Novice: 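The structure under discussion is supplied below as C-alpha cells; questions concerning it will follow.
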There are 2 protein chains.
Amino acid sequence: MIKPLPRIRDVATAAGVSTATVSRALSHPERVSKETRERVLAAVEKTGYTINYAARNLRRRRTGSIVVLVPNLANPFFSAILSAIASEIAPAGYNVLIADTAQPPHSEQRILEYLNNNRADGLILLDGTLKGVIARGQETSSSLPPLIFACEWLSEDGYPSVRIDNSQGARLAIRHLVELGHTKIGHVMGPPENVLTVERRRGARDAILEADLEIREDWFFPGDFTMASGAGAARAWLSLKERPTAVFCSSDEMAFGFISELHRNGLEVPDAVSVVGFDDIEISKRFVPALTTVHQPRARIGRKAARLLLDLIDGDDEDRLAARAAGPEILPIELVLRESTKAVRT
Amino acid sequence: MIKPLPRIRDVATAAGVSTATVSRALSHPERVSKETRERVLAAVEKTGYTINYAARNLRRRRTGSIVVLVPNLANPFFSAILSAIASEIAPAGYNVLIADTAQPPHSEQRILEYLNNNRADGLILLDGTLKGVIARGQETSSSLPPLIFACEWLSEDGYPSVRIDNSQGARLAIRHLVELGHTKIGHVMGPPENVLTVERRRGARDAILEADLEIREDWFFPGDFTMASGAGAARAWLSLKERPTAVFCSSDEMAFGFISELHRNGLEVPDAVSVVGFDDIEISKRFVPALTTVHQPRARIGRKAARLLLDLIDGDDEDRLAARAAGPEILPIELVLRESTKAVRT
DNA sequence: CACTATCATGTAATCGATTACAAGAGGGCA
DNA sequence: TGCCCTCTTGTAATCGATTACATGATAGTG
C-alpha cells in the first residue's frame with residue numbers, strides 16, 4: 001500500500017537526463033536549455049514528484065522555517081499579527097513555525113532550542129520578556145539567527161523591532177479624556193515587568209501632569225492585559241470612596257472586563273465612567289458600548305516585521321549591523337473615538 | 001564571525017568515540033554503557049552540540065512537523081483550538097506548522113503541497129471546505145499522511161474527526177428559547193456550503209417543528225459567521241414587518257454583530273429580542289449583555305485531535321483503518337445561560 | 001583554420017545523522 | 001577448554017537534493 005515517493009532520480013530517468021539537470025531545471029531554470037527544461041517539467045508532472053525538503057535543507061544548510069514566539073496564541077491580539085506574518089512569509093518559501101511561550105511545555109530550555117541556528121532561519125518575537133533567554137542564547141551559541149521583535153521588545157539590547165509609540169498612544173488617550181473635561185483620571189495597567197506597561201504608564205502619567213491634574217496612586221490599578229484583571233480593576237474602582245470619572249485601560253481586553261464588571265453591578269459605560277482601551281482589536285467596534293481606543297495597525301506590524309526579517313535573512317552581517325543601528329521601526333497609531341467616552345457632567 | 005555549528009562528529013571526537021555511539025547515546029540511551037553515555041553527554045555539553053534536524057529527518061524519512069490548516073488564523077475561535085493543539089504536539093517532538101487556508105497565497109496548489117507526504121507527518125484540518133483539494137490529493141499522491149478533522153469535517157468521506165453534535169447544540173438553543181415562551185424564532189445562518197451551517201440549521205428547524213412552531217423562511221437570515229454578517233442580519237431583522245422575538249445565531253461573532261447593530265439603532269438585547277449564540281468564545285461571558293450560548297470545549301477538541309493524530313502517526317495502516325471505522329469523536333456541549341435571553345413579554 | 005569563450009550537461013562529492021552489519025570483549029555453561 | 005550468547009562499539013552505507021568541477025559541443029574572433 002505504501003508506494004515510495006518519487007525522487008529526483010526518478011524524474012531524471014523519466015526525462016532522460018541526470019539528477020543535476022533536474023535540480024537545475026527546477027531551481028535555476030535559466031541554466032538549462034528550453035527543451036530539457038520542458039522535458040523535465042513534463043517528467044515532474046508525470047511522476048508526481050515533489051521535493052524532499054529535508055534533503056534540500058540539509059544540503060543548503062538552512063532549515064526553511066521561521067519561528068514565531070507568541071506569548072499567548074489564544075489571544076486575538078496576537079493571532080491577527082500572526083496571521084499577517086504568515087501571509088508574508090509563506091509566499092517567500094518558508095514555513096511558519098509557532099511556539100506559544102506561555103504554554104507549559106515551553107521551558108526556557110525549549111525556547112533556547114529555537115534560538116539555535118539549526119531550528120530556524122530566523123525568528124520573530126512577540127514576547128518582550130525573553131531577555132534572560134536571549135542573553136543565555138548568545139552565550140551558548142556562537143551566533144543567533146536573525147531576529148526581529150514585534151510589538152514588544154527588549155529595552156536595552158538594540159535588536160531590530162517593529163512597533164508603535166506606546167507612550168504616545170497613552171498620551172492620546174489621556175488627552176482625549178482631558179478634552180472631555182475629565183479631571184479625575186485612572187489607569188488600568190498591564191503586567192509590571194512588561195515594556196508596554198512601562199511605556200503606556202509613563203505616557204499616561206506625563207499627559208496627566210501636562211494637564212495639571214493630580215496623579216493618584218490608588219487610581220492606577222494593577223492588571224495583566226486580561227479581561228479578568230480588567231474586571232478586578234472594576235471591583236477596585238467600585239470600592240473607592242473617591243472614584244475617577246474616566247479610566248484608561250492598557251488593553252482592550254481589560255477595558256471589556258472593566259465595562260462588563262460594572263455592568264454586572266448595575267453601572268453603565270460611559271454614563272458611570274468613561275473608558276478608553278488600547279489595541280483596537282476586532283471586536284472593539286462591536287462591543288456595547290463600542291470602545292474608544294488607540295488603534296494599532298496589527299496587520300501592518302506583522303507584515304513589516306516579516307519583511308524585515310526576510311531582508312535580514314537574505315542580507316549579510318553588514319546588513320544586520322545596519323539594521324540594528326537603524327533603530328526600531330515605529331508605525332503610526334490613532335485614537336479611534338467611539339461610544340465608551342463622553343464629556344464629564346458639569 | 002560565523003563559526004560553524006558543532007556536528008555529531010565533533011562530539012564524537014571530544015568524547016573519543018564514533019559518531020554511531022554518539023547517535024545511540026542520544027537517541028537510544030539504553031544501548032550504550034553508562035560510562036560512555038556520560039562521556040558523550042559531557043562532550044555534548046562542552047561542544048554546545050545541537051542536532052541538525054534536516055539530517056535526522058532525511059535519514060529517518062520523516063519531516064518532524066505537523067501541519068494545521070486553519071480557515072482564518074485571526075479568528076479567536078480557531079486560535080484557541082490551535083493553542084491547544086500546539087500544547088499537545090510540541091512536547092511530542094513535532095513542529096507545529098500553520099497555514100491559513102483563506103490567505104491569498106494559499107491556492108489549491110499550495111494546500112495540495114501540504115497534503116503531500118514530504119511536507120508533514122500528519123495534518124489537522126479545521127476547514128471542512130477542502131473536499132475538492134483532498135480528493136485531488138488522493139489522486140495525485142499514492143498515499144496521504146494521516147489526517148484528522150477538528151470541528152469541521154467532510155460529510156461523506158469517513159476521515160476521523162473530533163467535534164461536537166452541532167444539530168444537538170442548535171436544538172438546545174431553540175428549546176431554551178421555547179421554554180422562555182418564544183413562539184417567533186429566527187436563525188442567523190453560517191455560510192451556505194459549510195457543514196456546520198447545515199447541521200445547526202437542521203437542528204434549529206427540527207426543534208422549531210417539535211415545538212409546533214412555524215418555520216418562516218424570512219426569519220432564516222444568511223450569514224457567514226462574521227460580526228459584519230451578524231450586523232447585516234440585524235438590519236434585515238429591523239426591516240421586517242413581523243419580527244421574531246428571539247434569534248439563534250450560528251456563531252457568537254454573528255451574535256455580537258447582531259446585538260451591536262441593534263444597539264446602534266437604539267434597541268437593546270434582551271429587551272428588544274432574545275439572542276443565543278454558538279461557540280462560547282472567550283469574550284462571550286464579558287459581552288454586554290453576557291451572551292447565552294452553546295459552549296464548545298475548544299481546548300479539549302484541540303488536544304483530543306492532536307492526540308489522535310499522534311496515535312495515527314505512531315500506528316500502522318491497520319490502526320488507521322480502525323480509526324476511520326470508529327467514526328467521529330463527539331465531545332459534549334452545554335448551553336450556558338447568561339443575560340442575552342429572557343422570557344417573552346406576556 | 002586554430003583558439004578561446006560560452007553554454008549545456010554529466011559525474012561525483014557533499015550536507016549531517018542514523019542504522020544495518022560486523023567484530024571484539026566478556027560471561028555462562030557443559 | 002571450547003562454544004555460544006549478550007553487550008558494546010565501530011565501519012560504512014544510506015537518506016535525497018545540490019553544486020563544484022569536468023567535459024564536450026557550439027559559436028565567435030583574428
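Here is the naming used below: chain letters follow the sequence lines, and residue numbers restart at 1 for every chain. The model shown is predicted, which means the values in this text are computed figures rather than measured ones.
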Novice: Side chains of A/V162 and A/W153: closer than 4.5 Å at any heavy-atom pair?
Specialist: no
Novice: So, do A/R60 and A/S27 sit near enough that their side-chain heavy atoms are less than 4.5 Å apart?
Specialist: yes
Novice: Checking side-chain hydrogen bond (donor to acceptor under 3.5 Å, both in side chains) between B/T63 and each of B/D121, B/N57, B/N95, which is the one that passes?
Specialist: B/D121
Novice: Can you measure A/N57 atom CG to C/dA17 atom C1' for me and round it to whole angstrom units?
Specialist: 15 Å
Novice: Looking at the side chain of B/H28, which of D/dT18, C/dT19, C/dG16 is the nearest nucleotide?
Specialist: C/dT19
Novice: Can you find a side chain N or O atom of A/T21 that sits less than 4.0 Å from OP1 or OP2 on C/dG10?
Specialist: yes
Novice: Are a donor atom and an acceptor atom from the side chains of B/D127 and B/T101 found within less than 3.5 Å of each other?
Specialist: yes
Novice: Check if the side chain of B/R59 and the base of D/dT14 share a donor-acceptor pair of N or O atoms closer than 3.5 Å.
Specialist: yes
Novice: Quick one: are A/I98 and B/L97 in side-chain contact, heavy atoms under 4.5 Å?
Specialist: no
Novice: To the nearest angstrom, how far is B/D121 atom CG from D/dC15 atom C1'?
Specialist: 15 Å
Novice: To 10°, what angle do the rotation axes through the five end pairs on each side of the helix from C/dC1-D/dG30 to C/dA30-D/dT1 form?
Specialist: 50°
Novice: Closer than 4.0 Å, any side-chain N/O of A/R31 to the OP1 or OP2 of D/dT19?
Specialist: no
Novice: For the residue pair B/L123 and B/L69, establish whether any side-chain heavy-atom pair is separated by less than 4.5 Å.
Specialist: yes
Novice: Taking side chain as C-beta onward, heavy atoms only, is A/Y159 less than 4.5 Å from A/I148?
Specialist: no
Novice: Tell me the interatomic distance from A/L58, atom CG, to D/dG16, atom P, rounded to whole angstroms.
Specialist: 12 Å
Novice: In whole Å, I'd like the distance from the CZ atom of B/R7 to the C1' atom of C/dT14.
Specialist: 12 Å
Novice: In terms of side-chain geometry, is the basic nitrogen of A/E38 or A/K34 positioned less than 4.0 Å from the acidic oxygen of its partner?
Specialist: yes
Novice: Please report, rounded to the nearest Å, how far the C1' atom of C/dG16 is from the CZ atom of B/R60.
Specialist: 13 Å
Novice: If I take atom CG in residue B/L26 and atom P in nucleotide C/dA17, what distance separates them, rounded to the nearest angstrom?
Specialist: 10 Å
Novice: Determine: side-chain N/O of A/T19 to OP1/OP2 of D/dG16, distance under 4.0 Å, yes or no.
Specialist: no
Novice: Between B/E30 (CD) and D/dT9 (P), how many Å, whole number?
Specialist: 13 Å
Novice: Which listed nucleotide (C/dT19, C/dT11, C/dC15) is nearest to the side chain of B/S23?
Specialist: C/dT19
Novice: Using a cut-off of 4.0 Å on non-hydrogen atoms, how would the nucleic acid contact of B/V22 be classed: base, sugar-phosphate, or nothing?
Specialist: nothing
Novice: Within the 4.5 Å heavy-atom criterion, are A/I8 and A/Y49 side-chain neighbours or not?
Specialist: yes
Novice: Within residues 33-41 of chain A, which residues have any heavy atom lying less than 4.0 Å from an atom of DNA chain D?
Specialist: none
Novice: Using a cut-off of strictly less than 4.0 Å, decide whether B/Y49 has a side-chain nitrogen or oxygen near OP1 or OP2 of C/dA17.
Specialist: yes
Novice: Starting from the 5' end of DNA chain D, give me the residue, B/A20 or A/A55, whose nearest nucleotide shows up first.
Specialist: B/A20
Novice: Is any side-chain heavy atom of B/C151 less than 4.5 Å from a side-chain heavy atom of B/R163?
Specialist: no
Novice: If I take atom CZ in residue B/R61 and atom C1' in nucleotide C/dT18, what distance separates them, rounded to the nearest angstrom?
Specialist: 12 Å
Novice: Between A/K304 and A/E329, does any side-chain N to carboxylate O distance fall below 4.0 Å?
Specialist: yes
Novice: Can you check whether B/L154 reaches B/F149 side chain to side chain, under 4.5 Å on heavy atoms?
Specialist: yes
Novice: Can you name the atoms? Protein N/O to nucleotides 21-25 of chain D N/O, anything below 3.5 Å, with the distance.
Specialist:
none

